[in-house]
Each structure stands twice: as structure tokens, then as C-alpha cells.
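Structure record follows, encoded as C-alpha cells.
Here is how names work: the chains are called A, B, and so on, in the same order as the sequence lines, proteins then strands, and each is numbered from 1. The model shown is predicted, which means the values in this text are computed figures rather than measured ones.
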Amino acid sequence: MEFIVEKIGMSRTITVPSQPVTLLKLVETKVCEVTDGKAVVAYQNGKNRNKAIEGKQKKYSLSAEFNKFMTLEVANKEPGDLDYSVLQSAKVIKTSFNTKGRGFSGVMKRWNFAGGPGGHGSRFHRLVGSIGNAEWPGRVQPGKKMPGQYGKKKVTVKNKIMSYDAENGILAVVGSVAGANGSLGRIKVEK
Amino acid sequence: MRNRYIENFEKKQLAQKSIPEFRAGDTVSLAVIIKEGSKTRLQNYEGVCIAIRGEGTGRTIMVRKISANGVGIERIFPIYSDSIDNIKVIRRGRVRRAKLFYLRDLAGKKARIKELRRK
């Protein structure tokens with residue numbers, strides 16, 4: 001079963017040893033259409049609206065706030081409000097978020113290359129350096145670590161559930177999850 | 001202001017805790033629970049609180065004392081942690097700042113803190 005969540009932030013417990021905790025808030029989700037356990041769901045994110053969205057809202061008779069659509073594995077058999085009851089007994093979840101985007105980054109930041117000496121006229125500071133051999137093989141090996149877009153990539157981790165507050169829809173999981181506070185991601189119940 | 005959901009989560013844990021109110025400059029005594037094999041005992045640590053940091057469950061204090069051989073010792077304690085049995089305030093100090101790191105450069109009579117007179 002999958003759910004859409006918002007990352008709220010981190011805290012810790014006062015037990016010995018103390019445990020790091022990430023708080024996730026369940027985003028209000030409406031199930032639109034169910035086919036074999038998979039469903040088209042709608043949720044709210046921002047105010048983006050266009051004719052395609054309006055058309056879908058009309059089709060599923062949704063209110064104007066629900067402007068984003070996604071496919072999830074759900075427990076529901078019928079369209080309506082999402083069924084959260086699975087979370088009461090869940091122990092482990094898989095949490096998927098986009099990591100923080102760091103833009104186009106060099107190899108020192110992106111791949112932890114050591115870099116060159118700072119001084120003594122070395123003229124080699126943060127460069128990539130050699131990217132391979134000469135005539136043989138005559139090409140760069142696939143997967144060579146080079147500068148490029150760093151972050152903003154989906155990362156999935158397994159987390160144990162510490163507590164679930166059904167009233168406020170707050171899920172406390174042990175450990176950290178990727179992404180910035182306030183970003184949306186999805187969780188999948190493992191056990 | 002902190003996020004109310006985080007505050008709620010921490011409030012639940014701190015509900016049973018009763019920590020006296022104190023500030024930087026106060027002399028405090030902490031009883032730290034120490035586990036040795038199967039036995040547990042309490043170890044007292046007394047000194048001047050020179051800094052309070054953090055919010056909620058992560059709140060820590062820095063306690064400075066001068067050891068028997070004249071060497072300054074600073075320990076940082078998470079005050080709401082279950083590893084702290086109790087905290088007592090022994091003396092209220094009159095200081096004019098929140099962080100007393102200047103005490104590190106002072107010794108002997110200069111490093112004294114006047115007691116706070118209550119009106």
C-alpha cells in the first residue's frame with residue numbers, strides 16, 4: 001500500500017541511546033479510479049490549474065483544490081477517501097523522496113574527488129583530471145565520474161515506524177529520509 | 001517558532017520530565033546514570049552552566065568546573081535525556097550574557113560569579 005506524504009522535519013527521542021526521528025505528514029488524497037489494486041489518486045500541491053486538470057476534476061467530480069494526479073497502490077475497492085487503516089499495523093515502510101538539488105556540480109562535490117594542491121603553482125585545483133587511456137580503448141569508459149547534475153534524484157530508504165498518530169496523520173519513522181523539509185514523497189508499506 | 005507537529009511529538013516525551021529552571025551562570029549539580037555491566041550507579045557532576053543550546057528534546061547544557069588538579073573540565077549534557085537522573089540548581093549567578101565562554105580565559109578570583117540577589 002502506498003501513500004503520499006510531506007516531510008515535516010526531524011527530531012529525536014530522549015531514550016538511551018537516543019534515536020533520530022523523521023516526521024512525515026500524510027497528504028489528503030482522494031481515490032478517483034481503481035483497477036486491480038492500483039488507483040488514480042488526486043492530491044493538492046500548489047495552485048497550478050489548466051484545462052487538462054479541470055477536465056479530470058470534472059470527470060472524477062473533485063473540488064478545485066485537487067490539482068495533482070498520481071498512480072498508487074491502494075487498499076480501497078471504491079473511489080472516495082483513501083483508506084489509511086493499513087498504517088495502524090505497519091512496522092516497516094519504504095520512503096521515496098527526491099534529494100535536494102545541488103545543480104551542476106563539479107567532481108569534488110559530486111563524487112568526493114580529492115582535488116589538487118591549493119598552492120605552489122600546481123595549477124590543478126578542482127579539475128576532473130584524466131578521464132581514461134590513450135589510443136586503447138580510444139573512448140571513455142561508461143560510468144566515468146564527471147561533473148553534472150547532482151541531487152534532485154529519487155532515493156528510497158527503509159525506515160521503521162516509531163509511532164502513527166491517526167488523528168493528525170503524523171507518521172514518525174526512525175532515521176532520516178532524503179529531501180528538504182516540506183517536500184512531497186511517497187511511502188510504501190513493507191511489513 | 002518550531003513546527004507544531006514536531007513540538008507535539010516532543011511534548012509527549014517531555015510531559016513526565018521535571019527540570020528546574022536555570023540560566024547560564026547558575027551552579028548546577030547533575031546526577032548521571034552510569035551503567036557498569038549489570039550494575040547502575042549515579043555520578044554527580046557539579047559546575048557552572050556556561051551555555052544552554054537547542055530546543056525541545058535536543059536541549060543541552062554545557063557545565064564547566066575546575067577539577068582537583070586545577071584543570072578546567074567542560075561537559076555537555078542533554079538535559080531531557082533518560083541518562084540524567086536529576087538536576088539541582090545550587091546557586092543562582094548574576095551574569096550579563098547568555099554564553100559564558102569568557103570564563104575559559106579567566107582563573108582564580110577573576111573567574112568568580114556573583115550570586116544573584118532576589119528582590
Side-chain angles (χ1 to χ4, degrees), chain A residues 3-29 43-45 82 84 87-88 90-93 95 97 100 159-187, chain B residues 1-22 28-45 49 51-63 74-89:
Chain A
F3 303 94
I4 304 168
V5 290
E6 180 190 340
K7 179 172 168 179
I8 290 171
M10 292 193 71
S11 179
R12 63 192 297 173
T13 65
I14 52 170
T15 52
V16 181
S18 177
Q19 271 181 316
V21 174
T22 308
L23 297 182
L24 305 170
K25 187 177 188 332
L26 292 163
V27 174
E28 197 191 345
T29 314
Y43 62 101
Q44 186 189 345
N45 188 17
L82 191 63
Y84 293 110
L87 287 170
Q88 299 282 11
K91 289 195 181 69
V92 181
I93 55 169
T95 319
F97 275 82
K100 284 182 186 172
N159 297 94
K160 272 185 195 159
I161 291 180
M162 179 171 275
S163 66
Y164 171 52
D165 177 1
E167 199 181 318
N168 298 316
I170 299 291
L171 209 57
V173 297
V174 180
S176 55
V177 304
N181 292 345
S183 56
L184 296 183
R186 65 163 82 187
I187 57 169
Chain B
M1 210 191 93
R2 302 191 88 197
N3 185 289
R4 68 194 158 106
Y5 298 114
I6 298 180
E7 220 153 62
N8 270 352
F9 178 80
E10 296 189 341
K11 225 188 238 168
K12 260 181 245 161
Q13 298 188 64
L14 303 183
Q16 306 94 330
K17 294 268 167 185
S18 65
I19 305 285
E21 213 184 298
F22 56 86
V28 292
S29 164
L30 298 102
V32 186
I33 300 168
I34 290 178
K35 232 181 184 173
E36 285 164 338
S38 57
K39 277 188 217 161
T40 57
R41 64 181 178 85
L42 292 181
Q43 188 187 56
N44 283 315
Y45 182 88
C49 167
I52 302 176
R53 278 183 179 156
E55 264 324 307
T57 48
R59 203 169 179 81
T60 59
I61 58 169
M62 206 185 249
V63 184
E74 281 174 17
R75 282 181 72 179
I76 298 169
F77 298 98
I79 52 172
Y80 294 114
S81 169
D82 286 346
S83 62
I84 308 284
D85 188 66
N86 64 66
I87 301 178
K88 274 181 221 141
V89 182

Which pair of non-hydrogen atoms, one from A:R12 and one from B:E10, has the smallest distance, and what is that distance? N-OE2, 4.4 Å

Which atoms of A:S163 are under 4.5 Å from chain B, going by heavy atoms: the side chain, the backbone, both sets, or neither? side chain

Using heavy-atom distances under 4.5 Å, tell me whether B:Y5 contacts chain A through its side chain, its backbone, both, or neither. both

List the atom of A:I8, the atom of B:I6, and the distance in Å for their closest heavy-atom pair. CG2-CG1, 3.9 Å

Evaluate the side-chain proximity of B:F9 to A:I170: yes if any heavy-atom separation is below 4.5 Å, no if none is. no

Which bit of A:S18 is near chain B, if near means a heavy-atom gap under 4.5 Å: side chain, backbone, both or neither? neither

Above 12 or not: heavy atoms from other molecules or residues under 6.0 Å from CZ of B:R75? yes

What is the minimum heavy-atom distance between B:Q13 and A:I14, and which atoms define it? OE1-N, 3.1 Å

Do other residues, nucleotides or ligands put more than 12 heavy atoms under 6.0 Å from B:K88 NZ? no

Distance (rounded to the nearest 0.5 Å) between B:E7 CD and A:L23 CG: 12.0 Å

If you count heavy-atom pairs within less than 4.5 Å of chain A, which of B:T57, B:N8, B:I84 leads? B:T57

Interface moiety of B:K35 toward chain A, non-hydrogen atoms closer than 4.5 Å: neither

Could you tell me the separation between the CG atom of A:N181 and the CG atom of B:N3, rounded to the nearest 0.5 Å? 8.5 Å

For the student: nearest non-hydrogen atoms of A:V16 and B:S83, plus distance: CG2-N, 3.4 Å

